[in-house]
*Asks:* 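Starting off with a structure, shown below.
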Amino acid sequence: MRYPFAETEPKWLKIWEDKKADLTDLSKHERKLYHLNMFIYPSGAKAHIGHWYHYGPSDSWARYKKLKGYNVFEPMGYDAFGLPAENYAIKTGIHPKDSTLANINAIREQLKKMGCMYDPNAELMTCVPEYYKWNQWLFLQLYKKWLAYRKNAPVNWCPNDQTVLANEQVQSDGTCERCGTVVIQKNLTQWFFKITDYAEELLAGLDKINWPEKTKLMQRNWIGKSVGAEVMFNVDGTDDKISVFTTRPDTLFGVTYVVLAPEHPLVDKLTTSGYKSEVEKYKESIKSLTEIERTSTVKEKTGVPIGAFAINPVNKEKIPIWIADYALLTYGTGCVMAVPGHDERDFEFAKKFNLPIRKVILQPGTSENDELTEAYTAVGIMINSGEFNGLNSDDGIERVTAYLERNNFGRKKVNYRLRDWLISRQRYWGTPIPIIHCEHCGEVPVNEKDLPVELPYEVEFKPTGESPLASNENFINAKCPKCGADARRDPDTMDTFVDSSWYYFRYLNPGFAEAIFDKAKADKWIPVDMYVGGAEHATMHLLYARFIHKFIRDLGLTNSDEPFTNLVHQGTITNNGAKMSKSRGNVVNPDEFTEKYGADVFRLYLMFMGPYELGGDWSDKGIAGTDRFVQRTYDLFKRFEGLKKRSSLKNKFALSNLSENEKLLYRKVNQTIKKFDEEINHFRFNTAIASLMELINETKNIQSCSAELQLYVLERFAVMLAPVAPHLAEECRALLGEEISIFEKPVWYDPDTEALIEDSVNIAVQVNGKLRATVSVPINSEQDDVKPLIFIDEKVTKFIDGKTIIKEIFVKNKIYNIVVK
RNA sequence: GCCGAAGUGGCGGAAUUGGUAGACGCGCUGGACUCAAAAUCCAGUGGGGCUCACACCUCGUGCCGGUUCGAGUCCGGCCUUCGGUACCA
């Protein structure tokens with residue numbers, strides 16, 4: 001009889017629900033394990049294979065930890081705000097709230113069928129006022145500490161659709177993904193969170209967390225710390241100063257020109273009359289370029305001089321000031337001191353515009369008079385640098401910096417690539433920003449007691465050229481909290497990464513009304529012990545969450561420094577090498593497989609496919625294999641129905657009392673426990689399941705074993721099965737006669753260490769490193785005991801006869817290698 | 001370009017600190033069962049050579065070279081694929 005998953009799976013779901021097996025008692029925190037999955041984004045489609053691949057194995061790990069005696073908390077929720085729901089609304093007219101809630105209901109049902117032990121009391125969704133109220137509260141706390149501020153920033157603007165576009169809506173050729181119009185940059189006053197204040201701590205904190213090295217490296221690069229100097233250049237004939245950042249103060253004597261970013265505020269002021277029209281023309285030409293084109297490294301560098309000159313503080317040389325698009329207003333000071341001899345970009349630019357190239361660092365092994373054919377960027381001896389001549393350039397960095405500081409020309413400076421976090425979105429479906437703009441008082445925060453600022457349902461979310469909320473009169477008109485005059489609310493909403501930067505606190509008490517979260521609970525349960533989610537969040541979400549966590553700590557609400565102690569990324573499942581997405585139309589629906597094979601078989605297959613962190617290309621080719629495994633398992637237990645009533649469960653057997661057959665099986669089951677435990681603990685589900693398959697292959701002769709050993713083996717097999725195929729394992733244990741769900745009363749077995757040790761072992765015999773024979777010897781045999789067995793073996797002697805033995809290498813229990821000549 | 005990961009049978013993938021390459025599964029081949037098929041069970045399955053057969057030999061982990069008694073694993077140089085990033089001064 002085939003395993004009737006269609007009956008057993010709903011049956012066990014019901015039992016777990018009735019017995020409250022998935023509820024975590026948060027008042028108990030001994031051996032607590034907070035197991036978090038990145039929550040689901042209900043963007044319109046139902047859950048697909050990628051979600052199963054993420055959540056199924058991750059849940060198996062959590063279940064394994066539960067069986068090992070941990071008090072596991074595994075919540076699930078919905079990252080419900082965001083652009084896709086709004087775009088869907090623009091297209092279909094269905095309100096984002098309605099479509100999102102409908103999606104959530106559908107996805108909740110799907111997730112339930114997977115058989116994950118999500119705590120039903122901990123579910124949250126970000127689009128309800130009870131949740132986003134606290135986004136607003138957080139905003140106000142950041143505002144109070146000067147960590148939320150407004151400034152002008154460019155947005156991608158589609159002149160045809162009259163709307164702001166997210167970066168991902170701009171196609172690689174710089175056009176709008178909807179209508180194909182060329183996207184332009186438009187400046188808007190927008191809100192920022194000052195993540196840069198935490199740059200140093202965010203960098204240093206990476207050393208304290210157990211994350212994939214790859215992810216930590218990405219964050220390090222993203223933060224992009226560089227140490228150097230800020231140098232002041234006087235502008236010839238004016239009081240203005242140009243400040244530049246450089247990591248190479250040792251090359252200061254080689255500066256032959258200065259470059260400003262075209263948008264730099266000093267440009268208009270410094271440009272001399274004869275250069276005005278050229279400069280304006282150049283700035284205009286830059287404007288029509290998209291960000292993507294402008295920052296392309298393949299593009300040839302462009303620029304124009306502005307007619308003004310700067311004075312190099314160290315040698316008082318007069319050098320021209322240029323503007324060029326390779327200077328970025330967003331990095332450093334927006335000004336570059338150009339050293340063509342020792343910087344590749346400056347070299348290229350100087351060659352093109354015939355600017356002087358001066359050598360100030362001598363490459364070892366070359367002569368001062370050799371002409372530079374490319375920029376020399378490595379370490380060397382300083383030349384043409386006045387009092388610093390002859391110094392090693394590494395030492396020169398410090399010496400020149402000290403000189404600058406002594407003479408007030410500059411100072412040591414640490415610079416970060418990290419920029420502040422722009423959180424304003426000119427969108428409807430998000431958290432309203434709790435600020436009121438008053439003609440008299442300026443920007444005024446909403447009083448905390450007036451939170452939440454509720455998102456109205458009635459709104460025109462079709463593009464009109466301004467934020468959708470601006471058109472809702474009831475929403476936008478408000479009284480100034482300070483002076484009471486008529487005023488207007490901020491029409492923008494927050495980036496949804498704000499929602500996800502603290503949600504793990506809220507799971508502990510989604511309904512908590514008095515505060516953002518219950519501090520007493522958080523003190524016991526935060527940080528998250530294990531976080532599982534996609535690697536695509538390495539630099540955005542995972543950095544924002546660390547920032548907000550540190551801010552929450554600084555508010556005194558948590559005592560931990562980092563939110564996620566351990567992190568694992570599941571791999572991506574592709575379809576014919578391409579990412580699955582609705583727009584490509586290549587999404588594989590998991591329902592067809594679960595309907596045919598059941599949730600357990602499908603989960604097992606996803607885990608068995610390969611390493612969890614690697615993902616891979618989707619193929620259902622091998623699913624028959626895990627299906628067969630499930631059938632064979634069920635058949636096996638079916639044969640021993642009621643065994644528990646006929647036999648007793650023993651903890652241990654003495655090897656000497658077992659028959660050869662029994663000994664083999666006893667050893668195998670204990671070896672499997674050891675192997676399975678190690679593998680699943682490290683998220684190596686594929687090899688963990690392989691070990692279970694080996695075990696079932698070893699049960700061929702189980703009929704000839706004693707009833708007690710049969711029960712011993714089957715009980716342990718079912719327990720190992722429980723994390724990876726939970727419904728099946730429960731059913732198998734029930735067949736044996738077990739009456740209590742394993743997830744209601746967790747069980748795990750440690751291996752009998754005596755059974756792990758084999759009596760004998762096969763040793764590989766090599767001649768000159770080539771395998772020639774194997775010999776079976778008692779375990780831990782010494783070389784002298786093994787040697788006589790080898791030199792009588794014809795397979796070995798025929799390769800050494802007539803030759804001189806130079807050396808013999810013996811590795812206990814492994815290898816005997818004879819080196820001959 | 002730079003940074004990172006990976007490359008192993010027909011396929012997905014195993015392989016502790018360098019120590020018997022190919023675990024486990026898919027597929028395929030042959031056999032049993034069946035009127036027949038499906039399902040199931042049993043056996044075989046990296047390439048080549050030799051052999052009636054057993055056995056044995058030989059090559060083999062992207063390519064070239066090196067270290068070592070011994071390399072999928074370590075080192076140097078390439079090639080390919082996939083991620084990340086984009087003039088960061």
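Worth knowing before you read on, the calculation uses all heavy atoms, side chains too, and leaves out hydrogens, waters and symmetry mates. Lettering of chains follows the sequences in order, A, B, ..., and the numbering in each one begins at 1.
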*Asks:* Measure from the side-chain heavy atoms of I815(A) and tell me the nearest of C3(B), C87(B), G19(B).
*Replies:*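 Nearest to the side chain of I815(A) among the choices is G19(B).
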*Asks:* Between protein and nucleic acid, restricted to nucleotides 4-6 of chain B and to nitrogen or oxygen atoms under 3.5 Å apart, what atom pairs and distances do you find?
*Replies:*
none

*Asks:* If I pick the P atom on C82(B) and the same atom on U73(B), what distance separates them, to the nearest angstrom?
*Replies:*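 After rounding to an integer number of Å, I get 24 Å for this pair.
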*Asks:* Go ahead and write out RNA chain B as dot-bracket, 5' to 3': ( ) for pairs within the strand, [ ] for ones crossing earlier pairs, | when the partner sits on another strand, dots for unpaired; Watson-Crick or G-U wobble, both distances under 3.5 Å.
*Replies:* (((((((..(((......[....)))((((((.......))))))((((......))))..(((((..]....))))))))))))....
*Asks:* Minimum heavy-atom separation for L604(A) to I689(A), with atom names?
*Replies:*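 L604(A) and I689(A) have their closest heavy atoms at CD2-CD1, 3.7 Å.
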*Asks:* Between K787(A) and E808(A), does at least one N-O distance fall below 4.0 Å, as a salt bridge requires?
*Replies:*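 E808(A) and K787(A): salt-bridged.
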*Asks:* Among C57(B), U17(B), C69(B), find the nucleotide with the atom closest to the side chain of F799(A).
*Replies:*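 Of the options given, the side chain of F799(A) lies nearest C57(B).
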*Asks:* Quickly work out the R248(A) CZ to C88(B) P distance and round it to whole Å.
*Replies:*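 Atom-to-atom, R248(A) to C88(B), this comes out as 14 Å.
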*Asks:* Can you confirm whether more than 12 heavy atoms, excluding those of E592(A), are under 6.0 Å from its CD atom?
*Replies:*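 More than 12 heavy atoms, drawn from other residues, nucleotides or ligands, come within 6.0 Å of this atom.
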*Asks:* Once you round it to whole Å, what is the distance between C1' of G84(B) and NZ of K216(A)?
*Replies:*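 Taking atom C1' of G84(B) as the reference, NZ of K216(A) is at 18 Å.
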*Asks:* Considering only the P atoms, how many Å lie between G27(B) and C63(B), rounded to the nearest integer?
*Replies:*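 Those two atoms are separated by 30 Å.
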*Asks:* Measuring only the P atom in each nucleotide, how far is A21(B) from A89(B)? A whole number of Å is fine.
*Replies:*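 50 Å, rounded to whole Å.
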*Asks:* Regarding K225(A) and E200(A), does a basic nitrogen lie under 4.0 Å from an acidic carboxylate oxygen?
*Replies:*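 E200(A) and K225(A): salt-bridged.
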*Asks:* Would you indicate which nucleotide in A89(B), C57(B), C87(B) comes nearest to any side-chain atom of D325(A)?
*Replies:*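 For D325(A), the side-chain atoms sit closest to C87(B).
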*Asks:* Is the backbone of L206(A) close enough, under 3.5 Å, to the side chain of K216(A) for a donor and an acceptor to pair up by distance?
*Replies:*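 Yes, because the side chain of K216(A) sits within donor-acceptor range (under 3.5 Å) of the backbone of L206(A).
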*Asks:* Assign each of G769(A) and Y416(A) to its nearest nucleotide of RNA chain B by heavy atoms, then name whichever residue's nucleotide is nearer the 5' end.
*Replies:*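 Closest to the 5' end, via its nearest nucleotide, is G769(A).
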*Asks:* Considering only A89(B), G19(B), U58(B), which nucleotide approaches the side chain of F245(A) most closely?
*Replies:*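 Out of A89(B), G19(B), U58(B), the nucleotide with an atom closest to F245(A)'s side chain is A89(B).
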*Asks:* Counting side-chain heavy atoms from C-beta on, which of C87(B), G70(B), U20(B) comes nearest to Y326(A)?
*Replies:*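 Looking only at heavy atoms from C-beta outward on Y326(A), the closest nucleotide is C87(B).
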*Asks:* Counting heavy atoms from C-beta on, name the nucleotide in G84(B), C69(B), G12(B) closest to the side chain of M609(A).
*Replies:*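 The answer is G12(B), which lies nearest to the side chain.
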*Asks:* In whole Å, what separates the P atom of U58(B) from that of A5(B)?
*Replies:*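 37 Å, rounded to whole Å.
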*Asks:* Taking for each residue the nucleotide of RNA chain B with the nearest heavy atom, is it V336(A) or N768(A) whose nucleotide lies nearer the 5' end?
*Replies:*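 Result of the comparison: N768(A).
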*Asks:* Specify the separation, in whole Å, of atom CG of D620(A) and atom P of C11(B).
*Replies:*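 Distance check: D620(A) CG to C11(B) P gives 18 Å.
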*Asks:* Using the salt bridge (Lys or Arg N to Asp or Glu O under 4.0 Å) criterion, which residues pair with K638(A)? Sequence neighbours excluded.
*Replies:*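 Per chain and number, K638(A) pairs via salt bridge (Lys or Arg N to Asp or Glu O under 4.0 Å) with E641(A).
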*Asks:* In plain terms, say whether K301(A) and D346(A) are close enough for a salt bridge, that is, a side-chain N and a carboxylate O under 4.0 Å apart.
*Replies:*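 No salt bridge links K301(A) with D346(A).
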*Asks:* Could you check which of C88(B), U58(B), A89(B) has an atom nearest any side-chain atom of R419(A)?
*Replies:*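 Looking only at heavy atoms from C-beta outward on R419(A), the closest nucleotide is C88(B).
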*Asks:* Just to be sure I understand the rule, does T774(A) reach a base, reach only the sugar-phosphate, or reach nothing, if contact means heavy atoms closer than 4.0 Å?
*Replies:*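 The residue T774(A) makes base contact.
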*Asks:* For a quick check, with a 4.0 angstrom heavy-atom cut-off, what is the B/S/- contact string for nucleotides 43-50 of chain B, read 5' to 3'?
*Replies:* --------
*Asks:* Heavy-atom distance under 4.5 Å between the side chains of I195(A) and L202(A), does that happen here?
*Replies:*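 The answer is yes, as the side chains (C-beta and beyond) meet within the 4.5 Å cut-off.
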*Asks:* Just N and O in the side chain of R772(A): are any of them under 4.0 Å from OP1 or OP2 of C56(B)?
*Replies:*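 It does not, given that no N or O in the side chain of R772(A) lies less than 4.0 Å from OP1 or OP2 of C56(B).
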*Asks:* Answer yes when E348(A) and K352(A) have at least one side-chain N-carboxylate O distance shorter than 4.0 Å, and no when they do not.
*Replies:*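 Salt bridge between E348(A) and K352(A), a charged N being under 4.0 Å from a carboxylate O: no.
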*Asks:* Output yes when E782(A) and K812(A) qualify as a salt bridge under the 4.0 Å nitrogen-oxygen rule, no when they do not.
*Replies:*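 Looking at E782(A) and K812(A), the cut-off is met.
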*Asks:* Taking the side chain as every heavy atom from C-beta outward, state whether N701(A) and L665(A) have any pair of such atoms under 4.5 Å apart.
*Replies:*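 No; the side chains remain at least 4.5 Å from each other.
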*Asks:* Can you give one letter per nucleotide of nucleotides 21-26 of chain B, going 5' to 3': B for a protein heavy atom under 4.0 Å from the base, S for sugar-phosphate only, - for none?
*Replies:* --BBSS
*Asks:* Do any side-chain atoms of residues 767-778 of chain A form donor-acceptor pairs under 3.5 angstrom with protein atoms, and if so which ones, sequence neighbours left out?
*Replies:*
unit_1  : atom_1 : unit_2  : atom_2 : d
N768(A) : OD1    : V820(A) : N      : 3.0

